[in-house]
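To start, the structure under review is shown below, and the notes come after it.
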Amino acid sequence: MKASLTACALLMAGALAATAAGKVEVRLRPSDESPVIEKEIYGQFAEHLGTCIYGGLWVGPESEIPNTDGYRNDVLEALRELHVPVMRWPGGCFADEYHWRDGIGPRASRPRMVNSNWGGTVEDNSFGTHEFFNLCELLGCEPYLSGNVGSGTVAELAQWVEYITAEDGPMAELRRKNGRERPWHLKYLGVGNESWGCGGNFTPEYYSDVYRRYQTYCRNFNGNRLYKVASGASDYDFNWTEVMMRNAARYMDGISLHYYTVLGWTGSKGSATVFGDDDYYWTLGKCLEVGPVVRRHCDIMDRYDPDRRVGLLVDEWGTWWDEEPGTVPGHLFQQNTMRDAMVAALSLNLFHTFTDRVKMTNIAQIANVLQSMVLTRGDEMVLTPTYYVFRMYVPHQGARLVPAEVDTPVRHTTDERTVPMVSATASTKDGVLTLSLVNTDLREEAEISVDMAGIKGSVSGAEILTASTAGAFNDFGKPQQVAPALFKGAKVSGGVLRAKLPPMAIVTISIR
Ligand code: AHR
């Protein structure tokens with residue numbers, strides 16, 4: 001079956017087109033009115049969970065693993081290539097049990113704590129505020145702080161903001177004593193995390209009042225302007241967004257949403273690497289459902305905030321599988337396959353179409369947890385297929401969206417979700433058109449023709465990410481099973497770009 005889809009309304013369109021199977025038509029619709037793709041759509045998330053921080057990002061200055069001031073060099077180098085725009089920290093569920101004063105001052109004398117959310121691991125607090133903000137400076141990314149509302153106090157959060165951003169006063173003096181003269185820049189401040197669950201089990205009615213109270217005392221010191229984010233809904237909890245917008249919209253700059261591609265919250269979540277064709281298509285269908293879910297949250301927000309002042313931040317998303325056998329329970333270490341790469345590409349293609357409301361997204365998580373960019377073991381590091389998607393998509397960051405209409409065959413999954421054979425996204429920046437095409441089909445090649453709508457140029461570079469099977473992954477000792485290669489199958493002629501994509505492939509083409 002073949003459906004006419006636009007990238008803006010991927011799952012809503014149902015019109016049938018009559019082109020042959022495997023043949024796909026894309027029409028670009030360039031317009032100066034199109035929004036810019038916020039670079040923060042490419043945000044990351046680093047939680048004190050498993051080996052995300054310890055071992056993944058931070059090994060400490062005394063480590064034999066090559067590092068810069070304690071941050072591992074291989075990971076720094078890999079992340080620099082992603083142009084990470086923003087990083088959320090310290091959680092997640094961890095954030096609502098984190099007391100920032102435990103993570104400042106001489107490392108050797110910092111108190112230890114039990115990380116009760118994540119496997120009961122003892123946390124030594126050697127990675128704290130200074131280590132996080134210095135990392136953001138090294139990477140050139142915006143810090144996004146997740147504040148403790150569940151088990152903290154208003155004063156504790158207010159003073160954390162003061163410690164980080166004030167020029168003068170008792171908190172600034174404490175910061176100076178701990179070695180940092182100048183304040184750091186802090187824009188994004190999350191007031192709690194999953195406040196409906198691990199962040200306090202609040203009702204939305206109660207939390208909206210708590211939110212109003214906490215945010216009141218988080219001040220803008222000497223020119224720093226906070227962007228305050230209320231803890232938002234989990235996927236289908238539309239009532240949470242409704243109540244929050246009704247009760248507290250005027251006190252927030254953003255509200256979050258968490259959406260995981262997950263089988264369910266009880267029982268097995270399925271293996272990250274061993275799965276069948278139906279599981280593969282189920283995964284893509286579930287991942288694409290973020291489109292209609294975001295749409296419904298946006299529709300609610302539109303009723304209370306028609307000018308779209310308040311941003312929706314999908315500050316946790318990605319795949320969630322069973323932990324790898326033999327790894328520490330509660331550490332959420334999972335492998336990352338070509339299937340995960342497809343989820344990343346399809347999700348990013350969708351997020352591009354919502355940038356008038358969706359101002360940031362943060363894939364969970366940056367290292368060694370859930371759908372990671374990098375996996376580390378001792379001094380080894382592998383780049384995941386998801387990492388490569390983020391790298392291939394860098395040119396879309398901050399570029400002007402070129403809406404794309406796609407006539408594509410679609411497939412119905414076992415649970416009646418719809419997966420298009422081809423998904424497309426395009427953007428322009430600095431005179432370069434970047435086109436990303438995804439062929440989701442496991443067996444069929446896609447013959448794609450793209451009507452360039454008068455955009456001139458020829459192919460100046462193209463990369464493809466594909467693999468022999470959807471379950472292919474990069475592992476320690478075998479780090480290059482899934483890696484991008486030069487793509488030679490695209491050509492522009494007569495205002496039309498033609499590309500032949502092999503099955504299960506992600507391609508990014510630059511046209512100059
Ligand atoms: O990303 C793992 C966890 O998922 C986060 O800590 C929490 O916010 C969510 O439930």
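Atoms within each ligand, like the ligands themselves, are counted from 1 in listed order.
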message = Show me which atoms of ligand 1 lie under 4.0 Å from any heavy atom of Leu370.
response =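 Under 4.0 Å from Leu370, ligand 1 has these atoms: 1 (O), 2 (C).
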
message = Strictly below 4.0 Å, N to O, side chains only: are Arg72 and Asp74 in salt-bridge contact?
response =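 A salt bridge is present here (some side-chain N lies under 4.0 Å from a carboxylate O).
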
key: Any residue meeting ring-ring contact (aromatic ring centres under 6.0 Å, His included) with Trp317, in chain and number order, not counting sequence neighbours   =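 Checked Trp317 against ring-ring contact (aromatic ring centres under 6.0 Å, His included); matches are Phe351.
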
message = My understanding is that only residues two or more places apart in sequence, or in another chain, count here; which of them pass ring-ring contact (aromatic ring centres under 6.0 Å, His included) with His130?
response =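 Tyr163, Trp184.
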
task = Please write down residue, atom name and distance for the protein heavy atom closest to atom 10 (O) of ligand 1.
result =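 For atom 10 (O) of ligand 1, the nearest protein heavy atom comes out as Glu194 OE1, 2.7 Å.
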
request  = Note the single closest protein heavy atom to atom 4 (O) of ligand 1, along with its residue, its atom name and the distance in Å.
outcome  =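 Protein heavy atom with the smallest distance to atom 4 (O) of ligand 1: Glu316 OE1, 3.2 Å.
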
query = Does the side chain of Tyr236 pick up a donor-acceptor pair with the side chain of Glu289 at under 3.5 Å?
reply =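 Per modelled atom types, Tyr236 and Glu289 side chains form a pair under 3.5 Å.
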
ask   = Do Glu142 and Tyr188 have side-chain atoms, one donor and one acceptor, less than 3.5 Å apart?
value =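 No.
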
inquiry  = Please compare Phe94, Phe45, Trp118 and report which has the shortest non-hydrogen distance to atom 3 (C) of ligand 1.
reply    =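 Selected option, by shortest heavy-atom distance: Trp118.
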
request  = Step by step, work out the disulfide (SG to SG under 2.5 Å) result for Cys141 and Cys136.
outcome  = CA-CA 5 Å; Cys141 71; Cys136 290; 3.8 Å; no

Mode of [X] contact toward ligand 1 - side chain, backbone, both, neither (heavy atoms, under 4.0 Å):
| X | result |
| --- | --- |
| Asn193 | side chain |
| Trp320 | side chain |
| Trp317 | neither |

message = For the 3.5 Å polar cut-off, considering only N or O atoms, please tell me whether Cys93 and ligand 1 meet it.
response =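 There is such a contact, yes.
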
key: N or O pair under 3.5 Å between Gln365 and ligand 1   =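 N/O-N/O distance below 3.5 Å exists for this pair.
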
inquiry  = Using the side-chain contact (heavy atoms from CB on, under 4.5 Å) definition, which of the options Asn134, Thr129, Leu174 pairs with Arg180?
reply    =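 Exactly one candidate clears the test, Asn134.
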
